S.K.: 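Sharing a structure, written as structure tokens. Questions coming.
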Amino acid sequence: METVTLLQWAFDVVLGFSLLWIAWLALTSLDLFRAIVLFIAFGLLMALAWVRLDAPDVALAEAAIGAGLTGALLLAALARLESNNATKPTPEKDHQPEAHD
Amino acid sequence: MSHVFLYALVGVGLFTLGLYALIVHPHLLRKILAINVMGSGVFLMLVALGRRTPGTLPDPVPHAMAITGIVVAISATALALALMLRVQVETGRAELPEEPLE
Amino acid sequence: MPALIFDIHWQAIVILLPLAGAIACFLWPQRGVQLGLISALGIVACVAALGWQVLELGAQRYAVGGWGAPLGIDLYADGLSLLMLIVTAVVGLGISVYSSGYFNQDRARHFWPLWMFLWAALNALFLSADIFNLYVSLELMGLAAVALVALTKGADALTGAMRYLLVSLLGSLFFLLGVALLYHSFGSVDIALLAERMEPSPAVWAAMGLMSAGLLLKTALFPLHFWLPPAHASAPAPVSALMSALVVKASFYILLRLWLEIFPLTNAALAQFLGLLGAAAVLWGGLQALRQTRLKLLIAYSTVAQIGYLFLAFPLASIIGWKGALYILLSHAAAKAAMFMAAGNILHFGGHDRIADLDRVVQRLPLSITAFALAGVSIMGLPPSGGFIGKWLLLEAAIRSAQWWWGIILILGGLLSAAWVFKVIGYAFTPAEVPHEARVVPATMEWAALAMALVAILLGLFTSWPLALMDIGLPFAGEGDG
Amino acid sequence: MQILYFALALFLLLNLVAGMWRVLRGPTAADRMLAAQLFGTTSVAVLLVLAQAMNRGALRDVALVFALLAAVTAVAFVRRAWPDREAKHDTE
Amino acid sequence: MQQSQPLKKTINPKPMTEGVKKQLLFRLLLVALLSLLATGLGYAVLSLPSSAPGLSELVAENLETSGVSNPVTAVLLNFRAYDTLLELGVLLLALLGVWSFGAVPERRESFPGPVLDTLSRLLVPLLILVAGYLLWVGAHAPGGAFQAGSVLGAAGVLLLLAGWRPGARFVGLPLRITLVAGLGVFVIVSAVLILVGGRLLEYPPSFAATLILLIEAAATLSIGITLAALFIGGRPEAGPNN
Amino acid sequence: MTPSDLLSAVLLIAGAAFFLAGTLGLLRFPDVYTRLHALTKADNVGLGLVVAGLAMQAESLAGAGKLLLIWLLVLLAGASVAHLVAAAARQRGIKLWRR
Amino acid sequence: MTVHTVVGRQGLEFTPREYLRSGCLRAVLFALMWWTLTDGVMDSWLVGTPVILFATLASVVLLPPFSWSLLGLVRFVPFFLWRSLYGGVDVARRALQPRLPISPGLLDYRWRLPPGLPQVFMANIVSLLPGTLSVELGANCLQVHVLDERKDFLSELEKVEQRVAAIFGISLPLSRGGE
């Protein structure tokens, strides 16, 4: 039984530190795409953390929303961000404050 | 100290990391990611602390709250991403201006 | 008949009705205006009925789902929440009438459902007795507010909305973390139960700090006000009115609940600190308002100043002080709504809101300028107006608690407001160098603005009723002397 | 048997963390995405093993959802996020 | 947030050394402040008593009458159903916000290729099946409307990525009805309960299971469609050729 | 330990070995295409063995069926995604690594 | 709703009977899956029946009926399991050896299968088999990335194609596929 507890501890520690590490990498990464992929990985690990905390309901929600849909949303947004950049090289900086209708 | 406190502390760490990134990074996508990481930290604390009494059933109320929070988070993320794209179309950059107009 | 009325669950209906209105407006956008106005009238009627109920029967606690705290969620209507509901109903009705003429077809289809959601969120928030439920309501309110601000296209409005969204989410997360700590300390998220079980501990201090910080950020107390002027100034006029009149007040209301009920504020230094921040907000907001060249930004900065007054009540910590702050909150809601509506009329009329180019609007929009001036009277705190009563009560509290220096702030703030009000009125009488094209302003928009301004004035004439209302359920019980 | 399960879970988790190196390193966007895909499969395995070890059938449902949704992200990547990227990021 | 303003201002002007120095100072200050915050929070967390005063016992006691046997679902859809009602509002509101930013720019979607096409055609029915399963299983084991809804949403996203677009007939009122179905059914159930003399969201115990299932089914559909619509990123326009 | 336990342990360990190989391949192989080989094959076989090992412990036929279903789904998704990524990489002109 | 018709036999209309038959078959398949998922709990069928109906409906709308043979499928399974295990061992061996014995290359394989589901199925199977990864489905050729150019993959691919054809009940023309 002792070994099991030890292994569980090791699992929790590795998972906890990876969570922090990946979050840190995702938030400091220079490349936006890399940041998003890291964030997706972060979501996967979060689901494992919920499992370890005996919260399978939350794990299920995280797996479906956090790992699946948020990633797709972020990637699609990034794509539109970059295609906007590509089509509009000169930003129109001085936008006149528009009168309402 | 049981392993739930480890996760609660990880939650604290995530919250602070997210806060730091939110303040420091000008790019909006990063700010949105930072808010999400902060949210994960909060949910982690919420659920982990509910598990601290050893040998009992997990408390379902924080679980329900975390699920609610996750749904709110994805709603806010989707809105923020769409708004970010609009900002980029209007100003040419997906960043906030350096100074709020005074 | 009254017995029948008292049997009805008005608290639930007051929340469900705007939600149903939002759904209806979303499903049939062509009929948005009619549906919205009908819902607005219905909500006002229901709030009135709820008010009657509370007046007759006293503070009402309502267990949603029949479970009751701590397992379920409770709604709680006492004088304080009733007052907020009534302000929301009155200002909301005015804004609904104003908006029916303001938006074109395309934007109306988005405005009405969003506004109904915002109304539902506000009502839910003022009635909630459960801090996690308050978090959900806060998010509902925040997202609706952001979407409403972004209804104006253009870089300013969008960046303003984006900043507002981030701030709002950040504030909510701070609040939620506090909720988590409180729940895990006391095993409940019900305000009354928390108040009962409250014992100071590091976790409680952390929770209090986090929740307060988050809410202060949302309330835009100096120096956390940086997001407010761009968001409030660039939004469409009725939305600006909503933001300044109601939305910032909602987070202040939660702060009051926290500090009056959950952690009664006994730490004098903290109270003094909040008072200082409030004073700084009054002066800074007033000075900045005076410096502005655009009307809506000016009004937005004046909101920063007016929020400062609310926090002057903390160091005074007496029932009179609280009532004074609440009175300022009420009259500011009406007056600021009137001001933003008037500014919207001017903007609609001339296509711009540059103060220096106001170009004798007084002759073209006499009603709007009257509304602006009357609202200005209340903001300055001149008699007879709601603003005057509020400041008078604060002054009395300051003198009674021998902290006369807060009175100086009140007077200085009033002078600063007077300076910018007269500046605007002055320009409204002077012809500009270049004539501008002009558009017709619908009569409903002018009258709505005037009605709101009159409410602000009337609050100064009929004081007994609102003051009596504040006593129901004794929200300020146990605070200071009297 | 319990020991084996937890050891296995730990081993798979370490595997997963080692795969992070590829996400960090790239060099192409596809490499990063691919590594994330690996995380999906490995997480499924971890979840299944933990389901057995902790005796919680619900975790198999989590694994099922993972298996179904891991593809969605990758497809979003191929269809949306990838165009116009490679010119800048290709080195190897 | 406020303090970040001077920092950003210093990035562009010419005297870079001064700006960099200020920026460094600011960051150091921020890191110090945040480590203080983290330490404080960590201390607060560790100082909590080691036995949690949670609500699990109370939930367990009332589980019988809640209509479901999964405590989390019981909390979400019965004990604290009002939160869930508002939360469905939040989700719908996010969509309203996104739509108010304007119509989605027309995208030239390239042909997905046979493999992706087939993948989506194979997976979508499976996703529907699994969503239904999660909906059902939520009553007595982990699962429920949100999880099922997001799986359904993933099906929608997959279809969208494979180049499918909602037809013109669907984009108008039918789409809006499915979007509000969850919140709408919730509101209608609440209103009916009040009309027949009950309280807000007070299910009679004999109907609780059915009502919860009804609300959850509508919510699943709405959540799924809403998430897919959020993925589109704007108001879908009824184009001529869809 | 019963013989079936032993067999399932062997299967699980073998599965883990394949996961290790997949990770090593991901880290060591020189270009996208070869890494895709490593991932799809090693991981799917690894998962298959793990599933087989666990299915031997399953308490019911349906439980084993669910495991099998998960594996099949991962196979389908893995193969399709590998092809999609490879095809996209080809279209965007990512060169093959050649010895 | 418009649906691309890539999959299935293009140009061929299906009779209602064919739809009904394949719909029933799929409903049975989904029911089996439901049973698996719910662990055979009886009262799940109240929810299960409409869900299965929806899934079947979606499936029939999205994927037109196709012909297949049970015998082919049964004979395919052991072949596939064996080959994919071998594929795993193969790639593991290469990844573990210090000098990385790979020499990748591209290969064009001329289809004998008709376009549509059979081709896609084959492409996916190829990606799971030892040393091969399908890169592009051309009109005439399947482009395959191989880990080791020196090995003869053509005969292997032919064998796979034969088996896949057997599943779909197609008889292949005798001409050699590769070039």
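We name chains A, B, ... by the order of the sequence lines, and we start the count at 1 in each one. Values below: every heavy atom of this structure, side chains too, minus hydrogens, waters and symmetry copies. None of these values were measured; they are calculated from a predicted model.
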S.K.: What residue, out of C:G65, C:G187, C:A147, has the most heavy-atom pairs lying under 4.5 Å from chain E?
M.R.: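 Of C:G65, C:G187, C:A147, C:G65 has the most heavy-atom pairs under 4.5 Å with chain E.
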S.K.: Please classify the contact of C:F186 with chain E as side chain, backbone, both or neither, using a heavy-atom distance under 4.5 Å.
M.R.: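 C:F186 touches chain E through backbone heavy atoms alone.
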S.K.: For chain C, which of E:A94, E:G97, E:G89 has the most heavy-atom pairs under 4.5 Å?
M.R.: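 Looking at each option in turn, the highest pair count goes to E:G89.
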S.K.: Is chain E contacted by the side chain of C:L140, its backbone, both, or neither, given a heavy-atom distance below 4.5 Å?
M.R.: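 It is both, since atoms from each part get that close.
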S.K.: CZ of C:R197 to OG of C:S188: how many Å apart, nearest 0.5 Å?
M.R.: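 That separation rounds to 5.0 Å.
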S.K.: Which value, rounded to the nearest 0.5 Å, describes the distance between C:W10 atom CH2 and C:L16 atom CG?
M.R.: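 If we round to the nearest 0.5 Å, C:W10:CH2 and C:L16:CG are 12.5 Å apart.
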S.K.: Given a strict heavy-atom distance threshold of 4.5 Å, which part of C:V149 is in contact with chain E: side chain, backbone, both, or neither?
M.R.: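 Neither part, no heavy atoms under 4.5 Å.
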S.K.: Can you tell me which portion of C:A124 sits under 4.5 Å from chain E's heavy atoms? Options are side chain, backbone, both or neither.
M.R.: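 When you check distances to chain E, atoms from both the backbone and side chain of C:A124 fall under 4.5 Å.
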S.K.: Knowing that exactly one of E:I225, E:V98, E:V157 qualifies, which makes a side chain to side chain contact (heavy atoms under 4.5 Å, CB included) with E:L230?
M.R.: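 The passing option is E:V98.
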S.K.: Using non-hydrogen atoms and a 4.5 Å limit, figure out which bit of E:L179 sits close to chain C: side chain, backbone, both or neither.
M.R.: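 Side chain of E:L179 only, per the 4.5 Å heavy-atom cut-off to chain C.
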S.K.: Does any backbone or side-chain atom of E:F101 lie under 4.5 Å from a heavy atom of chain C? Answer side chain, backbone, both or neither.
M.R.: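 When you check distances to chain C, atoms from both the backbone and side chain of E:F101 fall under 4.5 Å.
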S.K.: Does any backbone or side-chain atom of E:L183 lie under 4.5 Å from a heavy atom of chain C? Answer side chain, backbone, both or neither.
M.R.: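 Both the backbone and the side chain of E:L183 come within 4.5 Å of chain C.
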S.K.: Please classify the contact between C:I15 and chain E as side chain, backbone, both or neither, with a heavy-atom cut-off of under 4.5 Å.
M.R.: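 Only the side chain of C:I15 comes within 4.5 Å of chain E.
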S.K.: Let's test your reading of the structure: which of E:L55, E:L58, E:V45, E:V187 forms the most heavy-atom pairs below 4.5 Å with chain C?
M.R.: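 Among the listed options, the one with the most contacts to chain C is E:L55.
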S.K.: Examine whether an atom of C:L177 lies under 4.5 Å from a heavy atom of chain E, and if so say whether it belongs to the side chain, the backbone or both; otherwise answer neither.
M.R.: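 Side chain only.
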S.K.: Using a cut-off of under 4.5 Å on heavy-atom pairs, state which of E:N62, E:I177, E:I194 scores highest against chain C.
M.R.: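 Looking at each of E:N62, E:I177, E:I194 in turn, E:N62 comes out on top.
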S.K.: Does the structure place the NZ or CZ of E:R199 under 6.0 Å from the centre of the six-membered ring of C:Y62, at an angle of no more than 45° from the ring's axis?
M.R.: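 Pair E:R199/C:Y62 counts as cation-pi.
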S.K.: Examine whether an atom of C:S201 lies under 4.5 Å from a heavy atom of chain E, and if so say whether it belongs to the side chain, the backbone or both; otherwise answer neither.
M.R.: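 C:S201 has no heavy atom closer than 4.5 Å to chain E.
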S.K.: Just by distance, do the side chain of C:D190 and the backbone of C:A69 share a donor-acceptor pair under 3.5 Å?
M.R.: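 No; zero donor-acceptor contacts below 3.5 Å.
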